[in-house]
Amino acid sequence: RRRRRLRPCPNWQGYHLPCCLRERARCPAPLGFFDPLGLLDGADQERFDRLRYVELKHGRICQLAFLGQITTRAGFRLPGDISYDGTKFSDIGEGWAGSLQVPVAGALQILAFVGFLELAVMKDVTGEGEFVGDFRNGALDFGWDTFDEETKLSKRAIELNNGRAAMMGILGLMVHEQLGGSVPIVGEL
C-alpha cells in the first residue's frame with residue numbers, strides 16, 4: 001500500500017511545515033504547528049493521524065487528572081470505604097503520594113478498568129469515526145451532528161488546546177508537589 005506524503009504548506013511564520021492536512025483544526029491557534037522534536041519530518045498521513053490520536057488521548061487523560069487534583073485538594077472525596085479493612089476514601093492523601101496509599105486490590109481494579117476502557121471502549125469500534133479521536137461509535141452524539149463544519153473545527157481545536165494545557169498543568173502540579181510549597185488556588189502541596 002502506498003503512503004500519501006504530507007504536503008507542506010506555509011504557516012504564519014513563513015516556514016513550510018507538514019500541517020493543514022485536511023482542515024485547519026490540525027493547526028489550531030495560538031500554537032499552530034508545533035513539532036520541536038521533528039517527529040513529523042518525512043511523515044505520511046497515517047503517522048500524523050497516529051500522533052494526533054495519542055495527543056488527544058493524553059490530553060483527555062490529563063484533563064481528568066488535573067480536575068482530580070483540584071477536586072481532591074479542595075476536599076471533595078467519595079463517601080464510604082475504599083477497602084474492607086476500614087480505610088476510607090478520605091484517609092487517602094492527595095497527588096502522587098495519595099496514589100501510593102491506595103490498597104493493592106484497589107490499584108489492580110483501577111488498572112483492570114483502565115485496560116478495559118483502552119481495549120473495548122475508547123476506540124472507533126464501528127468505523128464511523130468522523131476524525132481521529134472520534135469515539136462516539138454511532139451512540140453518543142450530544143448534538144455534534146447539528147453543528148456546522150466551522151463550529152466542529154472550532155470545538156476540535158478547543159479540545160486539542162485544552163488537552164495541551166492540561167498536559168502542562170498536571171506536569172506542573174506534579175513537579176510542584178515534589179518541590180513542596182503552595183500554589184495559588186490549589187494550596188499547599
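FYI, side chains are in, hydrogens and waters are out, and symmetry mates aren't considered; it's all heavy atoms of this structure.
Pairs of residues two or more places apart, or lying in two chains, that qualify as salt bridge (Lys or Arg N to Asp or Glu O under 4.0 Å) and include a residue from residues 84-108 are Arg73-Glu94, Arg77-Glu94, Asp81-Lys88. Identified under the side chain to side chain donor-acceptor pair (under 3.5 Å) test for residues 95-108, with sequence neighbours left out: none. Applying the salt bridge (Lys or Arg N to Asp or Glu O under 4.0 Å) test to residues at least two apart or on different chains, none of the pairs has a partner in residues 97-108.
Minimum heavy-atom separation, Glu177 to Ala97: OE2-N, 3.5 Å. Minimum heavy-atom separation, Val132 to Asp49: CG1-O, 3.4 Å. Across every non-hydrogen atom of Gly59 and Ala166, the tightest pair is O-CB, 4.3 Å.
Taken from CD in Gln69 to CG in Leu67, the straight-line distance is 10.5 Å, to the nearest 0.5 Å. To the nearest 0.5 Å, the span separating CD on Glu149 from OG1 on Thr151 amounts to 9.0 Å. Note that CG of Leu56 is 9.0 Å distant from CZ of Arg164, once rounded to the nearest 0.5 Å. Here the CD-NZ distance, from Glu130 to Lys152, works out to 4.0 Å after rounding to the nearest 0.5 Å.
Looking at Glu55 and Arg52, their side chains come closer than 4.5 Å, going by heavy atoms from C-beta outward. Counting heavy atoms from C-beta outward, Ile70 and Phe66 have side chains that approach closer than 4.5 Å.
A salt bridge does not link Glu159 with Arg156: none of the charged nitrogens is closer than 4.0 Å to a carboxylate oxygen.
In the hydrophobic clustering of this structure, Leu160 does not group with Ile61; members are Ile, Leu, Val, Met, Phe, Trp, Tyr whose side-chain heavy atoms approach within less than 4.5 Å, directly or through other members. Leu51 and Phe48 fall within a single hydrophobic cluster, where Ile, Leu, Val, Met, Phe, Trp and Tyr are joined by side-chain heavy atoms under 4.5 Å apart, directly or via other members. Val121 and Tyr53 fall within the same hydrophobic cluster, where Ile, Leu, Val, Met, Phe, Trp and Tyr residues are linked whenever their side-chain heavy atoms come under 4.5 Å apart, directly or through other members.
With sequence neighbours excluded, no residue forms a salt bridge (Lys or Arg N to Asp or Glu O under 4.0 Å) with Asp148.
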Show every donor-acceptor pair shorter than 3.5 Å between a side-chain atom in residues 107-119 and any protein atom, with sequence neighbours excluded, or say none if there are none.
residue	atom	partner	partner atom	Å
Glu118	OE1	Lys57	NZ	3.0
Glu118	OE2	Lys57	NZ	2.4

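With a 4.5 Å cut-off between side-chain heavy atoms of Ile, Leu, Val, Met, Phe, Trp and Tyr, the cluster of Leu64 takes in none.
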